[in-house]
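Okay, structure first, notes after.
Everything numeric here is computed off the predicted structure, so don't read it as measured data. Reckoned from all heavy atoms, side chains included, excluding hydrogens, waters and symmetry mates. Just so you know, ligand 1 is whichever comes first in the structure, and atom 1 is the first atom listed for that ligand.
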Amino acid sequence: MSDPLDRVVQWYPGHMVKAMRGIGERLALVDLAIEVVDARVAFSGANPDLARILAGKPRMLLLSRADLANPAITQEWLERYRERGLQAVAFNARSRRDCSFVRDEIVRFAAGVRGTARAMIVGIPNSGKSTALNALLGRAAARVQNRAGVTRSLQWFRLAPDVELMDTPGILVPKIPNADAQWHLALCGGVPVERYDPEEIVERFTAWAAQLGLDDVPTLAEFARKGGEFDLHNAARAYISRFNDGTFGRVSLERPPEEPK
Ligand SMILES: Nc1nc2c(ncn2[C@@H]2O[C@H](COP(=O)(O)OP(=O)(O)O)[C@@H](O)[C@H]2O)c(=O)[nH]1
Ligand SMILES: [Mg+2]
(Lines give C-alpha, C1' and ligand atoms only; values in the text may rest on other atoms or scores of the structure.)
(Ligands and ions follow the chains in the order given, each with its own letter.)
Protein backbone atom coordinates (compact mmCIF):
# COMPACT_ATOMS: atom_id res chain seq x y z
CA MET A 1 0.00 0.00 0.00
CA SER A 2 1.38 3.36 -0.88
CA ASP A 3 1.76 5.86 1.91
CA PRO A 4 0.15 9.15 0.90
CA LEU A 5 2.97 11.13 2.50
CA ASP A 6 5.52 9.31 0.38
CA ARG A 7 4.15 11.00 -2.68
CA VAL A 8 6.34 14.06 -2.72
CA VAL A 9 4.04 16.94 -3.40
CA GLN A 10 5.36 20.09 -4.97
CA TRP A 11 3.37 22.79 -3.32
CA TYR A 12 3.16 25.63 -5.79
CA PRO A 13 -0.11 27.56 -5.82
CA GLY A 14 -0.28 30.34 -8.39
CA HIS A 15 0.08 33.20 -5.94
CA MET A 16 3.31 31.71 -4.61
CA VAL A 17 4.81 31.44 -8.06
CA LYS A 18 3.85 35.07 -8.63
CA ALA A 19 5.37 36.06 -5.31
CA MET A 20 8.59 34.30 -6.24
CA ARG A 21 8.72 36.18 -9.53
CA GLY A 22 8.12 39.46 -7.69
CA ILE A 23 11.03 38.65 -5.44
CA GLY A 24 13.36 38.29 -8.40
CA GLU A 25 12.45 41.80 -9.49
CA ARG A 26 12.85 43.28 -6.05
CA LEU A 27 16.06 41.44 -5.35
CA ALA A 28 17.51 43.33 -8.29
CA LEU A 29 17.14 46.47 -6.17
CA VAL A 30 19.09 45.25 -3.17
CA ASP A 31 22.72 44.64 -2.34
CA LEU A 32 22.13 41.76 -0.01
CA ALA A 33 19.46 39.33 1.10
CA ILE A 34 18.70 38.24 4.61
CA GLU A 35 17.11 34.80 4.51
CA VAL A 36 15.00 34.01 7.56
CA VAL A 37 14.97 30.28 8.21
CA ASP A 38 13.13 28.51 11.02
CA ALA A 39 15.95 27.05 13.14
CA ARG A 40 13.94 23.84 13.68
CA VAL A 41 13.96 23.06 9.96
CA ALA A 42 17.20 24.70 8.94
CA PHE A 43 17.48 22.45 5.88
CA SER A 44 13.92 22.25 4.47
CA GLY A 45 13.12 25.75 5.65
CA ALA A 46 15.68 27.33 3.34
CA ASN A 47 15.16 27.82 -0.39
CA PRO A 48 18.00 26.30 -2.41
CA ASP A 49 17.16 28.48 -5.41
CA LEU A 50 17.76 31.72 -3.59
CA ALA A 51 21.52 31.66 -4.07
CA ARG A 52 20.97 31.32 -7.81
CA ILE A 53 18.41 34.12 -7.95
CA LEU A 54 20.81 36.32 -6.01
CA ALA A 55 23.47 35.77 -8.65
CA GLY A 56 26.44 36.38 -6.45
CA LYS A 57 24.94 38.97 -4.12
CA PRO A 58 25.70 38.29 -0.50
CA ARG A 59 23.20 36.33 1.55
CA MET A 60 22.99 36.20 5.28
CA LEU A 61 21.03 33.56 7.19
CA LEU A 62 18.91 34.35 10.21
CA LEU A 63 17.95 31.22 12.11
CA SER A 64 14.73 32.39 13.67
CA ARG A 65 12.57 30.82 16.36
CA ALA A 66 15.80 29.73 18.00
CA ASP A 67 13.96 29.77 21.33
CA LEU A 68 11.86 26.86 20.03
CA ALA A 69 14.80 24.91 18.60
CA ASN A 70 17.24 22.56 20.30
CA PRO A 71 20.15 24.90 21.14
CA ALA A 72 22.83 22.24 20.58
CA ILE A 73 21.51 21.52 17.10
CA THR A 74 21.26 25.22 16.29
CA GLN A 75 24.91 25.45 17.26
CA GLU A 76 25.74 22.59 14.91
CA TRP A 77 24.04 24.45 12.07
CA LEU A 78 25.90 27.66 12.83
CA GLU A 79 29.19 25.78 12.79
CA ARG A 80 28.31 24.11 9.51
CA TYR A 81 27.46 27.45 7.91
CA ARG A 82 30.68 28.94 9.23
CA GLU A 83 32.66 26.10 7.64
CA ARG A 84 30.91 26.87 4.37
CA GLY A 85 31.72 30.57 4.64
CA LEU A 86 28.07 31.52 5.03
CA GLN A 87 27.21 34.28 7.46
CA ALA A 88 24.59 32.97 9.87
CA VAL A 89 23.17 34.00 13.19
CA ALA A 90 20.47 32.49 15.40
CA PHE A 91 17.91 34.51 17.27
CA ASN A 92 14.64 34.75 19.09
CA ALA A 93 12.74 37.67 17.61
CA ARG A 94 11.03 38.27 20.95
CA SER A 95 14.31 38.96 22.70
CA ARG A 96 15.52 42.56 22.58
CA ARG A 97 19.06 41.44 23.22
CA ASP A 98 18.96 38.98 20.33
CA CYS A 99 17.53 41.65 18.04
CA SER A 100 20.19 44.20 18.80
CA PHE A 101 22.84 41.51 18.34
CA VAL A 102 21.35 40.57 14.97
CA ARG A 103 21.14 44.22 13.95
CA ASP A 104 24.84 44.61 14.70
CA GLU A 105 25.62 41.48 12.69
CA ILE A 106 23.65 42.82 9.72
CA VAL A 107 25.51 46.12 9.91
CA ARG A 108 28.82 44.29 10.03
CA PHE A 109 27.80 42.09 7.13
CA ALA A 110 26.62 45.07 5.11
CA ALA A 111 29.91 46.87 5.66
CA GLY A 112 31.23 44.93 2.67
CA VAL A 113 28.95 47.01 0.44
CA ARG A 114 30.18 50.44 -0.63
CA GLY A 115 27.93 53.31 0.36
CA THR A 116 24.46 52.61 1.71
CA ALA A 117 23.66 48.92 1.66
CA ARG A 118 20.12 47.98 0.78
CA ALA A 119 18.85 44.72 2.19
CA MET A 120 15.72 42.67 1.83
CA ILE A 121 14.34 40.01 4.14
CA VAL A 122 13.20 36.84 2.42
CA GLY A 123 12.03 33.42 3.53
CA ILE A 124 9.36 30.76 3.21
CA PRO A 125 5.94 31.30 4.84
CA ASN A 126 5.87 31.40 8.63
CA SER A 127 9.64 31.43 8.99
CA GLY A 128 9.32 34.63 11.02
CA LYS A 129 10.06 37.26 8.38
CA SER A 130 7.51 39.86 9.49
CA THR A 131 8.33 39.33 13.13
CA ALA A 132 12.03 39.71 12.39
CA LEU A 133 11.48 42.81 10.29
CA ASN A 134 9.39 44.50 12.95
CA ALA A 135 11.69 43.45 15.76
CA LEU A 136 14.79 44.63 13.93
CA LEU A 137 13.30 47.95 12.95
CA GLY A 138 11.53 48.54 16.22
CA ARG A 139 10.66 52.18 16.63
CA ALA A 140 14.17 53.42 16.26
CA ALA A 141 14.31 53.01 12.51
CA ALA A 142 13.73 56.04 10.35
CA ARG A 143 11.66 55.88 7.23
CA VAL A 144 13.59 56.63 4.07
CA GLN A 145 11.88 58.21 1.05
CA ASN A 146 10.54 56.21 -1.83
CA ARG A 147 13.10 55.83 -4.53
CA ALA A 148 12.12 57.36 -7.82
CA GLY A 149 11.68 54.91 -10.64
CA VAL A 150 11.19 52.03 -8.29
CA THR A 151 7.91 50.23 -7.62
CA ARG A 152 5.63 52.92 -6.24
CA SER A 153 4.72 51.19 -3.02
CA LEU A 154 8.28 50.35 -2.03
CA GLN A 155 9.53 51.84 1.23
CA TRP A 156 12.92 51.67 2.82
CA PHE A 157 13.76 51.87 6.48
CA ARG A 158 17.03 53.00 7.88
CA LEU A 159 18.33 50.23 10.12
CA ALA A 160 21.69 51.91 10.69
CA PRO A 161 23.48 54.91 9.14
CA ASP A 162 24.65 52.81 6.19
CA VAL A 163 21.96 50.15 5.99
CA GLU A 164 18.44 50.37 4.62
CA LEU A 165 15.89 47.59 4.86
CA MET A 166 13.01 47.06 2.46
CA ASP A 167 9.66 47.36 4.24
CA THR A 168 8.13 44.17 2.86
CA PRO A 169 9.70 40.75 3.16
CA GLY A 170 9.80 38.47 0.14
CA ILE A 171 8.02 35.14 0.30
CA LEU A 172 10.01 32.20 -1.01
CA VAL A 173 8.41 28.98 -2.15
CA PRO A 174 9.66 26.02 -0.15
CA LYS A 175 11.24 23.15 -2.04
CA ILE A 176 10.06 19.82 -0.75
CA PRO A 177 12.70 17.29 -1.70
CA ASN A 178 11.39 14.29 0.27
CA ALA A 179 8.58 12.99 2.47
CA ASP A 180 10.36 14.01 5.67
CA ALA A 181 10.70 17.61 4.52
CA GLN A 182 6.98 17.53 3.92
CA TRP A 183 5.92 16.74 7.46
CA HIS A 184 8.70 18.92 8.89
CA LEU A 185 7.42 21.94 6.99
CA ALA A 186 3.78 21.16 7.66
CA LEU A 187 4.47 20.89 11.38
CA CYS A 188 6.36 24.20 11.46
CA GLY A 189 3.85 26.02 9.25
CA GLY A 190 6.06 26.32 6.18
CA VAL A 191 3.30 24.82 4.07
CA PRO A 192 -0.35 25.24 5.01
CA VAL A 193 -1.43 22.30 7.12
CA GLU A 194 -4.75 22.31 5.21
CA ARG A 195 -2.76 20.72 2.42
CA TYR A 196 -2.10 17.73 4.60
CA ASP A 197 -3.83 15.47 7.02
CA PRO A 198 -2.84 16.88 10.42
CA GLU A 199 -3.19 13.46 12.04
CA GLU A 200 -0.59 12.05 9.70
CA ILE A 201 1.75 14.94 10.35
CA VAL A 202 1.46 14.40 14.08
CA GLU A 203 1.82 10.62 13.76
CA ARG A 204 5.01 11.07 11.78
CA PHE A 205 6.34 13.46 14.35
CA THR A 206 5.51 11.33 17.38
CA ALA A 207 6.99 8.22 15.76
CA TRP A 208 10.18 10.17 15.08
CA ALA A 209 10.22 11.59 18.62
CA ALA A 210 9.70 8.13 20.13
CA GLN A 211 12.68 6.83 18.18
CA LEU A 212 14.82 9.62 19.58
CA GLY A 213 13.41 9.08 23.07
CA LEU A 214 12.03 12.63 23.42
CA ASP A 215 10.11 12.21 26.67
CA ASP A 216 8.17 15.47 26.61
CA VAL A 217 6.44 14.60 23.35
CA PRO A 218 3.03 12.97 23.93
CA THR A 219 1.36 10.68 21.42
CA LEU A 220 -1.70 12.11 19.68
CA ALA A 221 -3.96 9.79 21.70
CA GLU A 222 -2.40 10.90 24.99
CA PHE A 223 -2.66 14.54 23.99
CA ALA A 224 -6.29 14.17 22.90
CA ARG A 225 -7.28 12.32 26.06
CA LYS A 226 -5.63 14.90 28.28
CA GLY A 227 -7.40 17.74 26.48
CA GLY A 228 -10.75 15.95 26.48
CA GLU A 229 -10.82 16.17 22.68
CA PHE A 230 -12.02 12.95 21.17
CA ASP A 231 -11.98 14.07 17.56
CA LEU A 232 -8.45 13.16 16.50
CA HIS A 233 -8.51 15.57 13.58
CA ASN A 234 -9.21 18.51 15.90
CA ALA A 235 -6.75 17.19 18.43
CA ALA A 236 -4.05 17.00 15.75
CA ARG A 237 -4.61 20.63 14.82
CA ALA A 238 -4.32 21.66 18.46
CA TYR A 239 -1.25 19.47 18.79
CA ILE A 240 0.47 21.31 15.95
CA SER A 241 -0.29 24.65 17.60
CA ARG A 242 1.12 23.43 20.91
CA PHE A 243 4.23 22.19 19.15
CA ASN A 244 4.74 25.67 17.74
CA ASP A 245 4.44 27.37 21.09
CA GLY A 246 7.09 25.11 22.56
CA THR A 247 4.83 23.04 24.81
CA PHE A 248 6.72 19.84 23.98
CA GLY A 249 10.14 21.31 24.58
CA ARG A 250 12.76 22.72 22.25
CA VAL A 251 12.71 20.39 19.29
CA SER A 252 14.75 20.68 16.11
CA LEU A 253 13.56 18.40 13.35
CA GLU A 254 16.67 18.57 11.20
CA ARG A 255 20.36 18.50 11.97
CA PRO A 256 23.21 19.09 9.54
CA PRO A 257 23.86 16.06 7.33
CA GLU A 258 26.93 13.92 8.06
CA GLU A 259 29.91 15.08 6.09
CA PRO A 260 32.56 12.79 4.71
CA LYS A 261 35.66 13.20 6.87
N1 LIG B 1 8.82 31.70 19.64
C2 LIG B 1 9.06 32.44 18.56
N3 LIG B 1 8.08 32.68 17.69
C4 LIG B 1 8.35 33.42 16.60
C5 LIG B 1 9.63 33.96 16.34
N6 LIG B 1 9.59 34.64 15.17
C7 LIG B 1 8.34 34.51 14.73
N8 LIG B 1 7.57 33.78 15.58
C9 LIG B 1 6.16 33.41 15.41
O10 LIG B 1 6.07 32.62 14.24
C11 LIG B 1 4.85 32.89 13.55
C12 LIG B 1 5.15 33.31 12.14
O13 LIG B 1 5.86 34.53 12.17
P14 LIG B 1 5.71 35.63 11.01
O15 LIG B 1 6.69 36.72 11.31
O16 LIG B 1 4.30 36.01 10.82
O17 LIG B 1 6.21 34.78 9.76
P18 LIG B 1 6.27 35.21 8.23
O19 LIG B 1 5.15 34.48 7.56
O20 LIG B 1 7.60 34.70 7.77
O21 LIG B 1 6.17 36.69 8.14
C22 LIG B 1 4.14 33.95 14.37
O23 LIG B 1 3.22 33.30 15.20
C24 LIG B 1 5.25 34.58 15.19
O25 LIG B 1 4.79 35.09 16.39
C26 LIG B 1 10.68 33.67 17.30
O27 LIG B 1 11.85 34.07 17.15
N28 LIG B 1 10.32 32.91 18.37
MG1 LIG C 1 4.73 37.86 7.17
| message | Check E105 with R108, please: is the shortest side-chain N to carboxylate O separation under 4.0 Å? | response | yes

| request: Answer yes or no: is there a donor N or O on one side and an acceptor on the other, between the side chain of Y239 and the main chain of N234, under 3.5 Å? | output: no

| message | Looking at atom 17 (O) of ligand 1, tell me if a protein heavy atom falls under 4.0 Å from it. | response | yes

| Within-cutoff protein neighbour (heavy atom, under 4.0 Å) for atom 4 (C) of ligand 1 | yes

| query | When you measure from atom 12 (C) of ligand 1 to every protein heavy atom, which one gives the shortest distance, and what is it? | reply | N126 OD1, 3.1 Å

| query | Does the pair E164 and F157 meet the rule for a side chain to side chain contact (heavy atoms under 4.5 Å, CB included), with working shown? | reply | CA-CA 5 Å; E164 288 175 13; F157 283 91; over 6 Å; no

| task | May I ask you to list the atoms of ligand 1 that are less than 4.0 angstrom from any heavy atom of L68? | result | 1 (N)

| task | Using non-hydrogen atoms of the residue, decide whether S127 is closer than 4.0 angstrom to ligand 1. | result | yes

| request: May I ask you to identify the nearest protein heavy atom to atom 1 (N) of ligand 1, giving residue, atom name and distance to one decimal place in Å? | output: D67 OD2, 2.7 Å

| query | Where the side chain of R204 meets the backbone of W183, is there a donor-acceptor pair that is under 3.5 Å apart? | reply | no

| task | Flag N126 as yes if one of its N/O/S atoms falls below 2.8 Å of the Mg ion (ligand 2), otherwise no. | result | no

| request: List every atom of ligand 1 that sits less than 4.0 Å from any heavy atom of N92, numbering the atoms from 1 in the order shown and giving each element. | output: 26 (C), 27 (O), 28 (N)

| query | Hey, do the aromatic rings of F243 and F205 have their centres closer than 6.0 Å? | reply | yes

| remark: shortest atom 13 (O) of ligand 1-to-protein heavy-atom contact is with T131 OG1, 3.4 Å

| said: Is there a polar contact between ligand 1 and P125, counting only N or O atoms under 3.5 Å apart? | reply: no

| request: Please confirm whether the backbone N or O of N70 pairs with a side-chain atom of T74, one donor and one acceptor, at under 3.5 Å? | output: yes

| task | Indicate, as side chain, backbone, both or neither, the part of V36 found under 4.0 angstrom from ligand 1 when only non-hydrogen atoms are considered. | result | neither

| request: In plain terms, say whether K175 and D49 are close enough for a salt bridge, that is, a side-chain N and a carboxylate O under 4.0 Å apart. | output: yes

| remark: The closest protein heavy-atom partner of atom 25 (O) of ligand 1 is R94 NH2, 2.9 Å

| query | What's the shortest distance from atom 8 (N) of ligand 1 to any protein heavy atom, and which residue and atom give it? | reply | R65 NE, 3.9 Å

| field | Row check, W77 ring normal vs R255 NZ/CZ: under 6.0 Å, within 45° | value | no

| Nearest protein heavy-atom contact for atom 27 (O) of ligand 1: which residue, which atom, what distance? | A93 N, 2.8 Å

| query | Between N92 and R97, does any side-chain donor sit less than 3.5 Å from a side-chain acceptor? | reply | no

